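Report on the following structure.
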Protein chains: 2
Amino acid sequence: MKISTKTRYGVRAMFELAKNYGSYPVSVKTIAQRQEIPLSYLEQILNHLHKAKLVRSVRGPGGGFLLAKRPEHIRIIDITHALEESIKPVFCVDEMAEEDQCKRMDGCVARLLWKKLDEKIKEVLEGTTLKDLCEWAKKFSSTVEHEFIFHI
Amino acid sequence: MKISTKTRYGVRAMFELAKNYGSYPVSVKTIAQRQEIPLSYLEQILNHLHKAKLVRSVRGPGGGFLLAKRPEHIRIIDITHALEESIKPVFCVDEMAEEDQCKRMDGCVARLLWKKLDEKIKEVLEGTTLKDLCEWAKKFSSTVEHEFIFHI
DNA sequence: GACAAAGTTGATTATTTTTATAAGCTTTAT
DNA sequence: ATAAAGCTTATAAAAATAATCAACTTTGTC
């Protein structure tokens, strides 16, 4: 039940672009440095995000990547969809003929469990956008500042 | 974000034992046949569940496995704990010095997200017991029966 | 007491997935 | 023209997962 490194990198890269929303493109190199992600791997990841139309690219010197939509319109689940086959906890959560997954009703009981789990996971990933992350970041940094002042 | 096959097998095996609760031991062979799980792999799995004290074993002819507690006292998360290192979506959800996971607050914003996800996952896995599965199974089979009658 | 039915254990192999690297390409601002 | 950027695909390396195997111990029954 692990989120893949690829997706974790992807979310962080998208967060980096979200912070920069409305400004100049950010190069892969810059993102890689800021987020400490292997450059070539990040290129691949951004390509996937590009194909999923979550980012826009600008080629040539001064180029880089930009969010393709406003941060509040990019949900975490959009990122996971672009980078993982699926976030379903088991392959059989939806679709498929019943016969393919398990021959008895028994199997389906387990499936009900995984379905319940799947719904909750979706709730979180569909309910969180890049804007939320940016707001959390603001809140977090102001907390740190406050504590800092307090301790002096 | 996949539940491992090992855990899926484990849940199904435990369900098989739960259905049989209060009766004779069920042999690994029987469980393997009923649930179509590779025998030797299932042996390993039951060993883990044994070490985690979720099942009791009876050796010798007529032996097999029994639940070590009542179905309502065995939660799905107990099974995942016995069979996977952890169900956390990322390694850094809890504990660890902040320095180990990411150098900037940025990283921690992602962490807040994964933490939120972790909580929801736990809610489901802690909130579901083997008894629930058994009840779902009853409800499900009665539904099927009803539909059957309806179609005649 | 012999035998067979069961669980116990640990080593090993096989497979798949994930992560990462590399190389060569195209586009474009200056 | 050149260099800074993105684009693409192939491949390697590493890790995790799944499965198999072999040899062992316990115990009920005849």
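Bear in mind the structure is a predicted one, so any value in this text is a computation, not a measurement. Throughout, a chain's letter reflects where its sequence line sits, starting with A, and its residues are numbered from 1.
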Of A:His50 and B:Ile3, the one whose closest DNA chain D nucleotide lies more 5': A:His50
Protein-nucleotide distance (B:Phe91, atom CZ; C:dT18, atom P), rounded to Å: 17 Å
Rounded distance (Å) that lies between atom P of D:dT17 and atom CG of B:Leu83: 12 Å
Closest non-hydrogen atom pair, B:Leu130 against B:Ile79: CD2-CD1, 4.1 Å
D:dG6 phosphate, OP1 or OP2, under 4.0 Å from A:Asn47 side-chain N/O: no
Among D:dA18, C:dT19, C:dT26, the one nearest B:Thr5 by side-chain distance: D:dA18
A:Arg111 side-chain N/O to A:Val93 backbone N/O, donor-acceptor pair under 3.5 Å: yes
Length of the line joining B:Arg56:CZ and C:dA6:P, which is rounded to integer Å: 17 Å
Which nucleotide in D:dT27, C:dA20, C:dT9 has an atom nearest any side-chain atom of B:Pro61: D:dT27
A:Phe65, nearest nucleotide to its side chain (from D:dC7, C:dA20, D:dC21): D:dC7
Length of the line joining A:Glu43:CD and C:dA23:P, which is rounded to integer Å: 14 Å
Residue mapping more 5' on DNA chain C - nearest nucleotide basis, A:Arg8 or B:Lys51: B:Lys51
Nucleotide nearest A:Gln44 when distance is taken to its side chain, options D:dT20, C:dT21, C:dG7: C:dT21
Whole-Å gap separating C1' (C:dT19) and CG (A:Leu39): 15 Å
Touch class at under 4.0 angstrom, heavy-atom based, for A:Ser57 against every strand present: sugar-phosphate
Side chain of B:Ser27 - closest among C:dA22, C:dG7, D:dA19: C:dG7
Given C:dT9, D:dT8, C:dA22, the nucleotide with the shortest approach to the side chain of A:Ser40: C:dA22
Rounded distance (Å) that lies between atom P of D:dG28 and atom OH of B:Tyr24: 15 Å
Whole angstrom value for the distance that separates P of D:dA19 from CD1 of B:Ile45: 8 Å
Ionic contact status for B:Asp78 with B:Arg75, cut-off 4.0 Å: yes
Under-4.0 Å side-chain N/O to phosphate OP1/OP2 contact, A:Tyr9 with C:dA20: yes
